[in-house]
Amino acid sequence: MRLVVLGAAASAILGCAAEEGSSEAPVTPPADAVSVSGVTFVDVTAETGLDFVHATDSAGTFPMPAIMGGGVAAFDADGDGLLDLYFPNAGSEIAGESGRNRFYLQRSRGRFVDATEGSGLDNPGYGMGAAVGDIDNDGDLDLYVTNLGPDVLYRNEGGGRFVDASASFGVATSGWSTSAVFFDADLDGWLDLYVARYVQWNEPRECQVQGGRVDYCGPQQFEGEADVFYRNEGGRRFVDRSREAGVSQIGDAGLGVVAVDLDEDGLPDVYVANDADPNQLWINRGDGVFEDDAVLLGAAYNRFGVGEAGMGIALGDIDGDRDLDLFLSHLIEETNTLYLNLGGTPGATDGFEDRAAEAGLAAPSTPYTGFGTAFFDADNDGDLDLAVVNGAVKRRPEVLSDRDDWFWRGYAEPNLLMLGDGAGVFADASAASGDFGTALDVSRGLVPFDLEGDGDLDLLVSNLEGSARVYRNETIADPVLAAGTGAGWVRLRVIDPELRRTALGASVVAWVDGRPLRRLVLPLGGYLTGGEAPLHIGLGDATSVERFEVTWPGGTVEEFDGVDGGSDVTLLRGEGR
């Protein structure tokens, strides 16, 4: 075991100038830049027992919240090692029994049962999304549900049972909350909470699009809401520190949020994707204060200096240089944006630059409106791939669905699957990806997870006004036996035993055939999505991981021995094993 303490370097932070007023067409990589292999996903929802259907009872009435919801949480709620699912919904007061939130336990591999009754998870509000984290370090994962109206914090009592702890913990954010994230902002061992909020929507408003047709309003018709930051006081309560932290000074339309150390100084920062407003990059100064450096660091606008409709966020090292890149999904006729990390030194960063076009991620996205998104390794080759689920917020100019009796057919869109080459270039494999790429839904939430425990990542998609879907990865014939065939894998849990929980905010580098594969220990995210799952690392042609290098929250680095492919591994802080 080797311990290294990384110090914070004080150096100038350089921003990236946007190409203001530029109208040049996005460039596209050569068609042969990335080979599109036969990555295939098959809809197996019926086999899993998952029967959740999102409903708002709003067809033809156009209340703005109805087009924005539809998140999901995926986490081990009962401690049996299997991921369980929670789906926020519009609420029984809005949509009757079909509008209730639903909670599903995975009783056996790949089989879910509705366990809502008796779970205590009967959210009384208009549900949007969820965040997951162990708020009291008791070993159980707790659940925060974002609503249109007061949010709800559920404390996990064990065995799949929860109690409403909103009042006792002092957490009941009002207004319109969207995505939220648990993270240890001050490194005191207790998970704090950041809640992104959208707009000040108090009553239905009729909005018209071109031609005078009534449709859903956009965020420009409303005042934005300031986000909220809660500090965890010893696992007993949360205290609103939004004003002291500085995050209440800006009221933008927040949708996606991620908390991660982007300037590599050991402290987690917060990045917020805003809808039609510039994005925010709250740099953690270590004294309870955050400063928005998104403009300075080139992560507020696209390459043309324009703020876009930021929805979901994906985070990962797409080009193997060990720094973290950001991807945001956007509105139809906007390109999704890749903010490539330009590197820097520990404690500082040279910022980001929009490289979506060069990476091949711009052109395929312009016909659609993207929401949930994630970097993940679809084919276990060690390279990060990208999934984006789509669904319009205004009726499309061209209807794609042939379901004549379905009101939402004008909003349904196919999803995107982009295969990465490990050097930062992607190829569009959507049409060849099976059911995932051909399904036409109004999709919102996305979670890559290993449904069957066989070592490849499947996809869970939550759909607005439709059924949640599970897509099984059938790319690899037998992933369990795949090590040495170009499709090996390792699964990781990264634990701080003193805190009795996953070390959220840690970073892992797996060295595979001399190649560093960086993965992050973060809550599941994207759009209105929360959860916690083991890290998945594809090995490609390698049969083992040579060693692991873990950077713990705060900057301490610890090395662990390697393992053979096909292993489930737990790395315990301070034990080097």
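Side-chain atoms are counted along with the backbone in the values below, which use heavy atoms only and exclude waters and symmetry mates.
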Sidechain-backbone polar pair: N341 side chain, F352 backbone, donor-acceptor under 3.5 Å: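 Pair absent, no side-chain N/O of N341 close to backbone of F352.
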Sidechain-backbone polar pair: N302 side chain, F304 backbone, donor-acceptor under 3.5 Å: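 Checking the backbone N and O of F304 against the side chain of N302, a donor-acceptor pair under 3.5 Å is found.
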Ion pair check, [X] and [Y], cut-off under 4.0 Å:
X    : Y    : answer
E223 : R197 : no
R500 : D140 : no
R231 : D192 : no
R501 : E532 : no
E549 : R518 : no
E291 : R285 : yes

Distance-only donor-acceptor check, side chains [X] and [Y], under 3.5 Å:
X    : Y    : value
S177 : D151 : yes
D354 : Y339 : no
S430 : D428 : yes
S329 : N336 : no
T335 : H330 : no
T173 : Y144 : yes

Mind telling me whether [Y] and [X] have parallel, tilted or perpendicular rings, with 30° and 60° as the class edges?
X    : Y    : value
F41  : F376 : tilted
F183 : F229 : tilted
F238 : F182 : tilted

Looking at side-chain heavy atoms only, is the closest gap between R469 and D441 below 4.5 Å?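 Heavy-atom side-chain distance check passes, below 4.5 Å.
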Looking at E358, E334, E353, which one forms a salt bridge (charged side-chain N to carboxylate O under 4.0 Å, His left out) with R303?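 Only one option passes, and that is E358.
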What's the verdict on ring-ring contact (aromatic ring centres under 6.0 Å, His included) for Y198 and W176, showing C-alpha distance, side-chain angles and the deciding distance? CA-CA 6 Å; Y198 195 44; W176 186 347; 4.9 Å; yes
For P364 against L361, the heavy-atom pair lying closest together: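 Residues P364 and L361, closest heavy atoms: CD-C, 4.0 Å.
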Return the minimal non-hydrogen interatomic distance between L187 and G554, and the atom names on each side.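 Answer, listing the atom of L187 first, then G554: CD1-CA, 3.5 Å.
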